[in-house]
Amino acid sequence: MTVDIKKIAIYALVVFVLYTVITSPQRSAELVGVGFEGISTAAKGVGEFMTELVN
């Protein structure tokens with residue numbers, strides 16, 4: 001029987017995220033907001049870079 005480390009890591013991550021959301025939903029919401037803000041900022045930066053590259 002082989003142990004699939006990737007599956008174990010994913011299950012552990014899911015359990016950790018669920019535990020965090022259940023025990024501290026306010027803080028979890030803040031972290032998700034920060035994450036999406038970071039993704040948005042990165043996407044804007046890439047868009048501006050591509051616009052300048054084309055011009």
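Counting from 1, the numbers follow the sequence of the chain as shown. Atom set for the values below is all heavy atoms of this structure, side chains included, hydrogens, waters and symmetry mates excluded.
Scanning for side chain to side chain contact (heavy atoms under 4.5 Å, CB included) contacts around I10 gives K6, V14, with sequence neighbours left out.
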Pairs of donor and acceptor atoms involving the side chains of residues 15-24, under 3.5 Å and at least two apart or interchain, shall be tabulated with distances.
unit_1, atom_1, unit_2, atom_2, d
T20, OG1, F16, O, 2.8
T23, OG1, Y19, O, 2.8
T23, OG1, T20, O, 3.4

Name each donor-acceptor pair under 3.5 Å that joins a side chain in residues 38-52 to protein atoms two or more places apart or in another chain, with its distance.
unit_1, atom_1, unit_2, atom_2, d
T41, OG1, E37, O, 2.9
T51, OG1, G47, O, 2.8

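A distance of 12.0 Å separates CZ in F36 from CG in L31, rounded to the nearest 0.5 Å.
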